[in-house]
Amino acid sequence: MQPSSLAGLPAGVGEALEAEGVAELYPPQEAAVEAGVADGESLVAAVPTASGKTLIAELAMLSAVERGGKALYIVPLRALASEKKTEFERWEEFGVTVGVSTGNYESDGEWLASRDIIVATSEKVDSLIRNGAPWIDDLTCVVSDEVHLVDDPNRGPTLEVTLAKLRKVNPGLQTVALSATVGNADVIAEWLDAELVESDWRPIDLRMGVHFGNAVDFADGSKREVPVERGEDQTARLVADALDTEEDGQGGSSLVFVNSRRNAESSARKLTDVTGPRLTTDERDRLRELAEEIRSGSDTDTAADLADAVEKGSAFHHAGLRSEDRARVEDAFRDRLIKCISATPTLAAGVNTPARRVIVRDWRRYDGEFGGMKPLDVLEVHQMCGRAGRPGLDPYGEAVLLANDADTKEELFERYLWADPEPVRSKLAAEPALRTHVLATVASGFASTRDGLLSFLDNTLYATQTDDEGRLAAVTDTVLDYLAVNDFVERDRDDGSESLTATGIGHTVSRLYLDPMSAAEMIDGLRSVARDAGAATAGADGEAGEFVRTGDDGDEPGFGTYARPGEDGSPDEGEVEGEAEETGGKATDEAATDSPEVTPLGCYHLVSRTPDMYELYLKSGDREEYTELCYEREAEFLGDVPSEYEDVRFEDWLASLKTARLLEDWANEVDEDRITERYGVGPGDIRGKVDTAEWLLRAAETLARDVEGIDGDAVVAVREARKRIEYGVREELLDLAGVRNVGRKRARRLFEAGIETRADLREADKAVVLGALRGRERTAERILEHAGREDPSMDDVRPDKSASAAATAGSASDDDGEGQASLGDFR
DNA sequence: CGTCTTTGGTGTATTTTTTAGAAAC
DNA sequence: AATACACCAAAGACG
């Protein structure tokens, strides 16, 4: 079937596809068309990666648009959202408009309502529904990419409930679900009332095999000799072998999957011996440039290690990398510049990075709940293997699992090569998931009685899958109890059927996209401020579920009268320069012996112990260190500290404290590389934590305003803490850091040179500005422009030497990671 | 025989990931 | 639970 023969698409689309080289539809695509994707029929397509799933979605969406409708494309990752958006934008020349909406990026200018195709993450869609985005009921087609993720315990339920809601709002909605090959695609199809297209067909051959000894044995019976000498590294040999086998004038790149970040990094380092010597001079030059970019973006060890590897044509890839670096690595790999990536499983699910050869080195990974090393899911391994074979470049793709002995080889064949992927199973009937979604469902009017709620939940995958009718209802009831106790929903059971309404706070929590348990924790913590001060009717809600604390505060120093510490009411950390170590605590201890003051650390701990913040875990010596810190700064915590000896939550409390202090360090301008060292995290993790904290603090601020019984000063303190996190600066730099292109470092340098505010920037001597910015004219001009200066031009301005000296001196310990002496003894 | 390198053994520490909100001159 | 790595001792290589 030829694209141009398809009816129902916008004029010219079929021809454009042929011009792109799509002469014939692939068999699964043809089956999809026969099933009616282009005529508004719902469809589940369970086919391997890279076998043309996207085109199926495009046919559905474009034909829907041609009929005057509007389409939504749901992805699991933000990075995927932008990838898809650019892909779909090629249809704009046929009059189809595309928009994107994710947590960090919203389509510019034009409002999403006017867009024909919208790309968004599942959480974002959920949030849009909760906040009543007007265009939701205009949708006629929804595509759910990677729908097998409904199996994920964390995020699956969101997708499941979101699809159910969309279908409820728009009864005739065409639903197209794209899935990897899974064990029970038919069940998904049944759930969505959709036709099913299932196929193993791939445009490029995929050969899967196991390497053991001196050869790879493929599942199809063929064999490839790859001898490994004694003492040689198995992975290295396979990577070298792929590189030395030329197919279209070039050797093939490899993707190595390992089970930890550390392994990814060390594997990449080792593989430089393979990739480095095989580079051309030109490649070497371009890689050096790329490495330089990576180095200059961040002065952490991680970045330095990555740059060192990249220079030699090898790279590692994991969530500890900053997203810019991840993208750089992916791009350079696609451009065939980087020859080999060693990655944690992130990469398998992420943006498209095909390789000639995929090597699955580790097939087990640590799982605390499981209590040891757990074998990867078949589905996961298949996803990794699916990355093998670059369309248009490779005649075939190879996926190789590694075994060190004959038994393992046998097991790998059994377990992965000859096995079907496991079925997806809904994880909806779990408390954390239902807590959130039950509240949202009630708050956004999808159900107003218990029965209504249950019948809504009947539209989920869980309901179509389970035989245990009672379980969902049982969990729902527990969750409803929880929500009622915490005042998020109100129940009225005067007649037989119980009516449900969301309270004001309940609505707020739902719209803020908070886990209700996070909200409860935050409200409780914030209220404790007023309670400790004896200022408000704190215990009012003392009937208390397990998470509303009814502590006895008798022994806390803060019990008694609440006196405001200073006129501005904002906690001041003092003017300590450079070294941030252990500030705050001491200063406030004395000033506040009899008044609970809301400090940044208090706020950071509050949000860090919330279930919406992913925990940093405690390493060896951390327990003692943070226990000590816990007592030292006891007065700063909002809410009661669990007992060290009797309370199992103490351990979690310490882990949260670790996160909280990381955030405090960030807000105290501690250097990025020092934070990574101190907490054993990557630069990407810092960003992640900071982002989440910012979001949660914003939510906390809203809650503090809307909920009764919270001291007004607490609102101010939370806002302050949030702003400092947002820019990563101390209080005195907040104004400066708000100027575009001025981050924490530049702000500090300007400040040291005597330019302390945005207004100063407009008036200051240009020479001083330029000096403080280390003579970077372009940056200086841009900054002055953003600060609103009339004449930002830096022509003929010479940098002021003393300003640059002051800036460097004043910020030496912050910028350049000197000053190690003061840090040396923290272990 | 002395020094440097390689090998092998023991003990210890460590272990993936993603999303959400929204604002000012 | 399994591995990587650091550390150390013993053995070997070489002049």
Side-chain angles (χ1 to χ4, degrees), chain A residues 74-81 101-106 120-128 130-131 146 149 152-159 162 230-231 257-267 270 317-320 323 343-350 361-377 380 404 436 440 508-515 518 610-615 617-622 680 682 684-685 688 691-703 719 722-723 726 735 738-740 758-759 761-762 785-789:
Chain A
I74 305 178
V75 290
L77 263 47
R78 301 212 269 232
L80 245 28
S101 173
T102 64
N104 65 161
Y105 182 68
E106 188 106 18
T121 53
S122 29
E123 285 76 11
K124 185 65 184 191
V125 176
D126 188 15
S127 162
L128 287 165
R130 295 182 188 198
N131 288 287
E146 314 282 359
L149 290 174
D152 183 292
N154 287 316
R155 303 183 57 207
T158 304
L159 178 57
T162 301
R230 219 178 81 85
F257 285 104
V258 298
N259 63 5
S260 75
R261 294 178 180 191
R262 205 151 75 110
N263 286 344
E265 295 184 12
S266 78
S267 163
K270 277 187 235 159
H317 187 287
H318 57 64
S323 50
T344 56
T346 355
L347 199 62
R361 197 194 77 174
D362 300 334
W363 53 282
R364 282 179 295 210
R365 111 182 116 219
Y366 181 78
D367 180 345
E369 315 225 317
F370 182 81
M373 301 300 277
K374 188 181 176 184
L376 299 181
D377 284 347
E380 213 170 338
N404 329 310
T436 305
T508 308
V509 170
S510 164
R511 279 196 309 262
L512 288 171
Y513 211 82
L514 288 175
D515 180 335
S518 300
T610 249
D612 277 308
M613 177 75 87
Y614 180 74
E615 262 178 26
Y617 59 87
L618 299 175
K619 302 196 182 177
S620 55
D622 281 359
D685 299 304
D691 253 22
T692 317
E694 203 185 315
W695 161 54
L696 289 173
L697 286 167
R698 195 180 290 276
E701 199 183 321
T702 309
L703 284 176
R719 176 164 46 236
R722 197 253 301 151
K723 283 194 191 153
E726 184 176 350
D735 190 38
V739 179
R740 268 192 56 179
R758 177 188 288 263
L761 266 178
R762 285 195 284 263
E785 203 180 318
H786 289 308
R789 186 153 182 154

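Labels below follow one simple rule: chain letters A, B, ... track the order of the sequence lines, proteins then strands, and each chain is numbered from 1. Nothing here was measured: the structure is a model prediction, and the numbers come from that model.
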Task: Separation of the P atoms in B:dT16 and C:dT3, to the nearest angstrom - done: 15 Å
- [ ] Answer with base, sugar-phosphate or nothing: what part of the nucleic acid does A:Asn259 contact at a heavy-atom distance below 4.0 Å?
- [x] sugar-phosphate
Open item on the list: Tell me whether the side-chain N or O atoms of A:Tyr366 pair up with the base of B:dT14 as donor and acceptor below 3.5 Å, since no angle test is needed here.
Closed with: no
Task: Residue whose nearest DNA chain B nucleotide is more 5′ - A:Asp612 or A:Gly320 - done: A:Gly320
- [ ] Determine, for A:Glu265 against A:Arg261, whether the closest basic-nitrogen to carboxylate-oxygen distance falls under 4.0 angstrom.
- [x] no
- [ ] Step by step, work out the side chain to side chain donor-acceptor pair (under 3.5 Å) result for A:Asp126 and A:Thr158.
- [x] CA-CA 7 Å; A:Asp126 188 15; A:Thr158 304; 4.9 Å; no
Open item on the list: Between P on B:dT14 and CZ on A:Arg365, what's the gap in Å once rounded to a whole number?
Closed with: 20 Å
Open item on the list: With a cut-off of less than 4.0 Å, is there a side-chain N or O of A:Ser260 near OP1 or OP2 of C:dA4?
Closed with: no
- [ ] Would you mind classifying the nucleic acid contact of A:Arg261 as base, sugar-phosphate or nothing, using non-hydrogen atoms under 4.0 angstrom?
- [x] sugar-phosphate
Task: Value in whole Å for how far the P atom of C:dC5 lies from CG of A:Asn263 - done: 7 Å
Open item on the list: Over all strands shown, is A:His786 touching base, sugar-phosphate only, or nothing at heavy-atom distances under 4.0 angstrom?
Closed with: nothing
Open item on the list: Over all strands shown, is A:Lys124 touching base, sugar-phosphate only, or nothing at heavy-atom distances under 4.0 angstrom?
Closed with: sugar-phosphate
